[in-house]
2 protein chains.
Amino acid sequence: MRFSSQREIIREIVESTNAHPTADWIYNKAKKRLPNLSLGTVYRNLKQLDEEGTIKAITDGNVSRYDWNTASHDHMKCKVCGEIIDVHLQDDSIRKKIRKNYKFEVDDVKMTIIGTCKKHKK
Amino acid sequence: MRFSSQREIIREIVESTNAHPTADWIYNKAKKRLPNLSLGTVYRNLKQLDEEGTIKAITDGNVSRYDWNTASHDHMKCKVCGEIIDVHLQDDSIRKKIRKNYKFEVDDVKMTIIGTCKKHKK
DNA sequence: AAATAAATAATAACAATTACTATTATTATT
DNA sequence: AATAATAATAGTAATTGTTATTATTTATTT
Ligand SMILES: [Mn+2]
Ligand SMILES: [Mn+2]
Ligand SMILES: [Zn+2]
Ligand SMILES: [Zn+2]
């Protein structure tokens with residue numbers, strides 16, 4: 001894969017936020033620096049960065065979001081404000097349990113907690 | 001909500017399988033009994049059945065799937081054959097931990113294990 | 001049986017994403 | 001440094017999954 005300034009800027013933007021942005025959000029941010037950037041270019045590069053393991057694509061309902069943090073972790077999604085917050089919950093016991101009880105070879109465990117974040121405490 | 005034969009048949013089909021079918025799969029199955037059924041009718045009724053708690057909508061990447069089993073449970077998805085297998089992994093400790101450590105009010109915990117099922121053992 | 005309004009089929013609209021293609025930019029080779 | 005090879009891009013069209021619209025049909029109430 002050879003250099004492209006578009007890909008560099010897209011990567012920088014993903015790495016600049018904890019907000020787990022969508023492709024469209026990234027596109028609008030990047031357009032300020034590259035006015036004739038194409039949304040297809042954003043999607044293509046996000047896929048490449050995900051495939052090479054630089055970032056991680058996560059799925060939130062029907063939209064893809066992108067996470068600079070490729071380490072294993074989980075997410076809490078607030079149904080009031082939509083915010084996605086990092087959280088670490090998994091331990092190895094889940095993977096071990098599955099392998100043992102179901103003979104299922106585990107690649108990844110995806111956990112999302114749906115609820116209401118502390119900002120909305122009455 | 002008043003009776004409709006379309007809704008009855010859609011519900012029966014969801015309740016007839018453990019395969020976590022998509023709207024399109026359900027549509028094609030139901031069309032055999034109701035030849036001029038509309039896909040919109042399938043989506044509308046699946047949403048109603050989900051809202052009244054008769055079935056549960058789950059999200060698998062970018063498609064919705066439907067589960068007759070409304071009890072709390074998790075899923076393993078085989079990346080080779082695409083099968084979605086039920087599994088029970090959660091205990092109350094996750095919910096308690098989140099409430100305590102993050103002051104986050106938990107509604108639902110969604111967990112999906114990605115990997116390879118035992119059918120593909122070499 | 002007539003009135004009311006929920007549900008339907010058919011179709012259009014929509015949002016997220018991918019595919020296509022002529023042009024441009026990067027890297028390797030001379 | 002010029003040339004060649006080809007990966008990446010912008011612009012646009014196409015696709016997919018889903019929701020909205022609307023005239024008509026159907027279930028329920030009166
Ligand atoms: Mn994260
Ligand atoms: Mn299930
Ligand atoms: Zn919130
Ligand atoms: Zn399998």
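So you know, we letter chains A, B, ... as the sequences are listed, proteins then strands, and number each from 1.
- Here B:Ser4 does not reach the OP1 or OP2 of C:dA6: none of its side-chain N or O atoms lies under 4.0 Å away.
- Remark: A:Asp67 does not engage A:Lys56 in a salt bridge, criterion side-chain N to carboxylate O under 4.0 Å.
- Applying the Watson-Crick and G-U wobble criteria (two distances, each under 3.5 Å), C:dA15 pairs with D:dT16.
- Where B:Asp24 and A:Met1 each meet DNA chain D at their nearest nucleotide, the meeting point lying more 5' is that of A:Met1.
- Residue-level contact check: B:Arg7 touches the backbone only, with heavy atoms under 4.0 Å from sugar-phosphate atoms and none from bases.
- Residue B:Thr22 is classed as having no contact, given no heavy-atom separation below 4.0 Å to the nucleic acid.
- The distance from atom CG of A:Asp60 to atom OG1 of A:Thr22, rounded to the nearest 0.5 Å, is 9.5 Å.
- B:Tyr43 comes within 4.0 angstrom of a base, heavy atoms only.
- For C:dT18, the OP1/OP2 oxygens have a side-chain nitrogen or oxygen of A:Lys47 closer than 4.0 Å.
- Note on A:Leu37: only backbone sugar-phosphate atoms sit closer than 4.0 angstrom, heavy atoms only; bases stay farther off.
- If you find the closest nucleotide of DNA chain D to B:Phe3 and to B:Arg44, the one lying nearer the 5' end belongs to B:Arg44.
- Counting any heavy atom pair closer than 4.0 Å across all strands shown, A:Ser5 reaches no nucleic acid atom.
- Counting any heavy atom pair closer than 4.0 Å across all strands shown, B:Asn62 reaches sugar-phosphate atoms only and no base atom.
- One finds no side-chain N or O of B:Ser38 lying less than 4.0 angstrom from the OP1 or OP2 phosphate oxygen of C:dA10.
- Electrostatic pairing of B:Glu105 and A:Lys79 does not count as a salt bridge here, judged by no charged N lying under 4.0 Å from a carboxylate O.
- Atom OG1 in B:Thr112 sits 10.0 Å away from atom CG in A:Asp108 (nearest 0.5 Å).
- Of the side-chain N and O atoms in A:Gln6, one or more sit less than 4.0 angstrom from OP1 or OP2 of D:dA10.
- Nucleotide C:dA28 forms a pair with D:dT3, judged by Watson-Crick or G-U wobble geometry with both contacts under 3.5 Å.
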